[in-house]
Structures are given as C-alpha cells and as structure tokens.
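Notes for the one structure printed next.
We use all heavy atoms of the structure for the numbers below, so side chains are in, but hydrogens, waters and symmetry mates are not.
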Amino acid sequence: MKSSNHNLVHLLNQQVRLLNKQINEKLNEFGLYTSQWSILYCLYKNGPMTQTAICQYLNVEAPTVTRTLTRLEEKDWITRKPGLDKRARIIQIKESTFDQVAELANIIRTYEDEELLGLTKEEEHQLRTLLNKLGTKE
C-alpha cells in the first residue's frame, strides 16, 4: 500500500470502501452485497438474534437493518420469528441456507487470505489487534 499523508480516519474509510467494492464483486456471484453479508455473517457467528441486537453489534441504524433484513428474507436467506416480547422478532439464517452461508464464510475467508489482503499471519494478527483497539479508551 502506498504511504499517505491523509487523515488516518479518511485513509481507513477509503480502504474500507475499496475492500467493500472488491468483496461485493465476489458476493455478486451469490446475489449478495457486503451489507447483507455482514448480517448473515453476524447470524452465522452468533446464532439467532433480535434486530436490536444486530443493530448494536454492527453499529448500524435500525431502518438500514430493517431494509437489509427485508431483502434477505425476500431472497430466502433468513426467517423472522416472534420473540418473547410481541414487538421483538428473532432473526435467524434459514435451515435450508445455513450450509450455504457456512460455505460462503469459507469462500470469503479464503478470498481474504489469498487474494484480497495479501497479509502474512503476523501482519493479520497485528491488524486485528489494532482494529480491536480502535474506538476504545484504555
């Protein structure tokens, strides 16, 4: 990557946009976008969740998540079931597509490793450590 004198937040934002564009090209084969994949992956890793929990986990506003969930439901990736509170809905990956989501998670991980990021294991570990540190005050 080229050295830059840009503001760090700007540089991070630009890199995330580039990575999202490249991942969108890969996800296009499955009829998905990164915003949809983010929710599917969240559900894959965490299991069924309420919409509120998804919003909090992804740091995304409720209307955006609602629209994305509607698209995923229309594409038959997820289901929404009533929760304990009649206003809450439990969102989960459909049983019929769970294996496909697991396969897609492996495809994305392989793509990250082999083509997209080009980082050594040590560099990836350092990046994960730094990214996890962002936004936290120690």
What I'd like to find out is whether the side chain of [X] reaches to under 4.5 Å of the side chain of [Y], using heavy atoms alone.
{"X": "Gln126", "Y": "Thr120", "result": "no"}
{"X": "Leu104", "Y": "Leu27", "result": "yes"}
{"X": "Asn24", "Y": "Leu32", "result": "no"}
{"X": "Leu43", "Y": "Gln92", "result": "no"}
{"X": "Cys55", "Y": "Val65", "result": "yes"}
{"X": "Ile107", "Y": "Phe30", "result": "yes"}
{"X": "Thr79", "Y": "Ile91", "result": "no"}

With [X], which residues qualify under salt bridge (Lys or Arg N to Asp or Glu O under 4.0 Å), at least two apart?
{"X": "Glu122", "value": "none"}
{"X": "Arg80", "value": "Glu73"}
{"X": "Glu103", "value": "none"}
{"X": "Arg89", "value": "none"}

Kindly write out the residues that satisfy side chain to side chain contact (heavy atoms under 4.5 Å, CB included) with [X], not counting sequence neighbours, or none if the list is empty.
{"X": "Thr97", "answer": "Trp77, Ile93, Lys94, Gln100"}
{"X": "Arg17", "answer": "Asn13, Gln14"}
{"X": "Asn106", "answer": "none"}
{"X": "Leu131", "answer": "Leu127, Leu134"}

Do Val60 and Ile39 sit in the same hydrophobic cluster, where Ile, Leu, Val, Met, Phe, Trp and Tyr count as joined when their side-chain heavy atoms come under 4.5 Å apart?
yes
Given the rule that I, L, V, M, F, W and Y join up when any side-chain heavy atoms are under 4.5 Å apart, are Leu40 and Met49 in one cluster?
yes
Residue pair [X] / [Y]: nearest heavy atoms and the distance that separates them:
{"X": "Ile78", "Y": "Leu69", "result": "CD1-O, 3.4 Å"}
{"X": "Leu119", "Y": "Glu123", "result": "CA-OE1, 3.4 Å"}
{"X": "Gly83", "Y": "Ile90", "result": "CA-CG1, 3.9 Å"}

Hey, could you give me each pair passing side-chain hydrogen bond (donor to acceptor under 3.5 Å, both in side chains) that has a residue in residues 41-59? Not counting sequence neighbours.
Gln51-Thr66
I would like to know whether Gln36 and Leu72 meet side chain to side chain contact (heavy atoms under 4.5 Å, CB included); could you show each step before the answer?
CA-CA 7 Å; Gln36 296 164 332; Leu72 286 169; 3.7 Å; yes
Working to the nearest 0.5 angstrom, can you tell me the gap between [X] [atom1] and [Y] [atom2]?
{"X": "Tyr33", "Y": "Asn28", "atom1": "OH", "atom2": "CG", "value": "6.5 Å"}
{"X": "Ser38", "Y": "Asn20", "atom1": "OG", "atom2": "CG", "value": "7.5 Å"}
{"X": "Arg71", "Y": "Ser35", "atom1": "CZ", "atom2": "OG", "value": "7.0 Å"}

Does anything in residues 18-32 form a salt bridge (charged side-chain N to carboxylate O under 4.0 Å, His left out)? List the pairs, not counting sequence neighbours.
Lys26-Glu29
CG (Leu130) with more than 12 external heavy atoms under 6.0 Å:
yes
SB check Arg109 Glu112 (cutoff 4.0 Å):
yes
